[in-house]
2 protein chains.
Amino acid sequence: MAPVTSTTEADAAPVKPLRADAQRNYDKLVAAAREVFAERGAEGSLDEIAKRAGVGPGTLYRHFPTRDDLIDALMRDWTERVAADSVAAVEADVSAREMLQRWFADLVRHMTLHRGAAAKLSAAMDDPSSPIYRKCQMLGEANDRVITHLIETHALRDGVESRQVQRLVSGVATIVDQAELDAEQAQPMLNIVIDGILRDSATS
Amino acid sequence: MAPVTSTTEADAAPVKPLRADAQRNYDKLVAAAREVFAERGAEGSLDEIAKRAGVGPGTLYRHFPTRDDLIDALMRDWTERVAADSVAAVEADVSAREMLQRWFADLVRHMTLHRGAAAKLSAAMDDPSSPIYRKCQMLGEANDRVITHLIETHALRDGVESRQVQRLVSGVATIVDQAELDAEQAQPMLNIVIDGILRDSATS
DNA sequence: ACCTGAACACCGTTCAAGT
DNA sequence: ACCTGAACACCGTTCAAGT
């Protein structure tokens with residue numbers, strides 16, 4: 001939620017500058033991909049994306065050799081939003097339980113960017129060769145931020161590892177996505193996870 | 001594990017008898033599907049399956065109008081194994097924690113029958129129109145058996161619902177599948193779930 | 001009643017030709 | 001340096017013709 005420092009939405013990516021027409025095509029492809037993935041999910045037709053962007057299929061391949069490269073591009077400002085939410089969670093003046101409830105809800109929401117996104121992110125978590133591996137790392141760092149803070153506060157059980165928590169919540173996000181549940185239906189599952197990592201003293 | 005009462009492996013399905021050649025093709029298709037799904041996962045080529053079975057593509061469609069009908073057929077004796085494991089878990093003379101550890105490991109193993117199976121089962125859980133919905137219900141009943149037993153033993157926290165537990169463990173199975181983790185790597189996640197549903201008194 | 005295989009549609013991917 | 005679009009390969013799905 002909190003409107004943290006974020007570089008201005010548009011361009012400014014750390015890639016070498018493109019020719020004007022190439023940049024225009026790049027942007028149109030990303031916009032078209034955002035549309036198609038929103039409608040059809042992560043397996044939406046690449047042909048359709050090229051068509052909507054008004055370019056030939058070869059142009060799509062030149063800019064994005066694989067489908068995941070395209071997904072990665074369309075998540076450019078996503079990372080910042082995730083990080084901002086994790087910072088907001090840590091800085092909030094609430095109980096450990098409430099902090100986890102908010103953060104996990106954020107995590108699930110971010111991972112269900114579009115249909116199939118949660119599954120892709122889950123699979124990429126352990127695959128450094130994936131184009132979206134970096135995005136997963138960022139997600140991991142954001143989760144680390146919250147979990148580490150709670151460990152330092154002695155709110156969590158001994159032995160709780162951030163990585164395991166991330167996997168587990170990713171599993172919840174994937175289920176929410178695949179079974180087309182809405183956000184509220186994730187809460188009971190997340191509460192079990194929270195009870196599973198919170199120290200007994202903090203229990204209801 | 002326990003070799004519970006199971007009808008003899010082969011035919012004897014409750015469907016109307018097929019003509020001899022049709023039955024032979026049916027069996028060859030199921031066998032070929034088992035192979036291909038084992039190698040390529042749940043999205044393996046149907047063409048390839050027909051080819052390996054030595055039949056035309058039309059024959060595959062006659063017997064199995066959708067991919068999920070084929071998956072359902074190949075899980076015919078799967079249900080019994082799942083049920084048997086849940087009975088064995090309940091009858092085992094072990095602690096609640098150990099019972100859950102065994103049962104959840106069984107559940108994950110059964111759901112990762114082949115690549116993509118866990119995701120399919122998770123999606124079908126809330127979709128009565130799915131050909132494999134019945135399989136999910138059976139899975140649910142097996143899980144109910146264990147969870148209900150533990151509730152009656154007062155081993156679980158108040159408010160724990162079998163359905164939520166099933167979804168959560170399905171999430172773990174899906175992650176295990178997608179990130180290609182092996183069985184042992186699921187244990188830390190499952191332990192969190194167990195801590196999340198076990199009453200405090202039973203904690204390590 | 002069941003099977004075959006040609007035919008069609010759709011999609012991903014490549015690449016020669018163009019600017 | 002980048003784009004186009006034809007061409008190819010592969011796959012799912014249908015259906016007329018056969019037995």
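Only heavy atoms go into these numbers, but all of them, side chains included; no hydrogens, no water, no symmetry mates. Within every chain, numbering begins at 1; the chains are lettered A, B, ... in the order of the sequence lines, protein sequences first and strands thereafter.
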Any carboxylate oxygen within less than 4.0 angstrom of a Lys/Arg side-chain nitrogen, looking at [X] and [Y]?
{"X": "B:Glu98", "Y": "B:Arg102", "answer": "yes"}
{"X": "A:Asp126", "Y": "A:Arg167", "answer": "yes"}
{"X": "B:Asp144", "Y": "B:Arg163", "answer": "no"}
{"X": "A:Asp106", "Y": "A:Arg109", "answer": "yes"}

Shorter than 3.5 Å, N or O on both sides, protein versus nucleotides 17-19 of chain C: list them out with atom names.
none

Can you name the nearest heavy-atom pair linking B:Leu139 to B:Trp78, along with the distance?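 Reported closest heavy-atom pair: CD1-CH2, 3.4 Å.
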Is the backbone N or O of A:Thr66 less than 3.5 Å from a side-chain atom of A:Asp69, with the two atoms forming a donor-acceptor pair by type? yes
According to salt bridge (charged side-chain N to carboxylate O under 4.0 Å, His left out), who are the partners of A:Asp47, at least two apart in sequence or on a separate chain? A:Lys51
Counting side-chain heavy atoms from C-beta on, which of [options] comes nearest to [X]?
{"X": "B:Leu46", "options": "C:dG12, D:dT13, C:dC2", "answer": "D:dT13"}
{"X": "B:Asn25", "options": "D:dC3, C:dC3, D:dT13", "answer": "C:dC3"}
{"X": "A:Val55", "options": "D:dT4, C:dC3, C:dG12", "answer": "D:dT4"}

Measure [atom1]/[X] against [atom2]/[N] and give the value in whole Å, please.
{"X": "A:Arg40", "N": "C:dG12", "atom1": "CZ", "atom2": "P", "answer": "13 Å"}
{"X": "B:Leu29", "N": "C:dC3", "atom1": "CG", "atom2": "C1'", "answer": "12 Å"}
{"X": "A:Asp47", "N": "C:dC10", "atom1": "CG", "atom2": "C1'", "answer": "8 Å"}
{"X": "B:Asp68", "N": "D:dT13", "atom1": "CG", "atom2": "P", "answer": "11 Å"}
{"X": "B:Tyr26", "N": "C:dA1", "atom1": "OH", "atom2": "C1'", "answer": "17 Å"}
{"X": "B:Gln23", "N": "C:dC3", "atom1": "CD", "atom2": "P", "answer": "11 Å"}
{"X": "B:Asp21", "N": "C:dC2", "atom1": "CG", "atom2": "C1'", "answer": "6 Å"}
{"X": "B:Glu43", "N": "D:dC10", "atom1": "CD", "atom2": "C1'", "answer": "15 Å"}

Which string of ( ) [ ] | and . matches DNA chain C, if you list each base 5' to 3' and count Watson-Crick or G-U pairs only when both distances are under 3.5 Å? ||.|||||...|||||.||
Ignoring hydrogens and geometry beyond distance, is a side-chain donor-acceptor pair present between B:Ser122 and B:Thr174 at under 3.5 Å? yes
Partners meeting side chain to side chain contact (heavy atoms under 4.5 Å, CB included) with A:Thr59 (sequence neighbours left out): A:Asn25, A:Leu29, A:Val55, A:His63
Neighbour count >12 (heavy atoms, 6.0 Å) for atom CZ, A:Arg40: no
Pairs under 3.5 angstrom only: tabulate donor-acceptor contacts from the side chains of residues 177-188 of chain A to other protein residues two or more places apart or in another chain.
from: A:Asp177; atom 1: OD2; to: A:Gly116; atom 2: N; distance (Å): 2.7
from: A:Gln185; atom 1: OE1; to: A:Asp182; atom 2: N; distance (Å): 3.1

Which residues in residues 56-66 of chain A have a heavy atom closer than 4.0 Å to any atom of DNA chain D? A:Gly56, A:Pro57, A:Gly58, A:Thr59, A:Arg62, A:His63
Measure the acute angle between the ring planes of B:Phe64 and B:Tyr26, then classify it against the limits of 30° and 60° as parallel, tilted or perpendicular.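 Tilted.
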If only side-chain N and O atoms of A:Ser45 are considered, is one of them under 4.0 Å from the OP1 or OP2 phosphate oxygen of C:dC10?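 Checking A:Ser45 against C:dC10: no side-chain N or O falls below 4.0 Å of OP1 or OP2.
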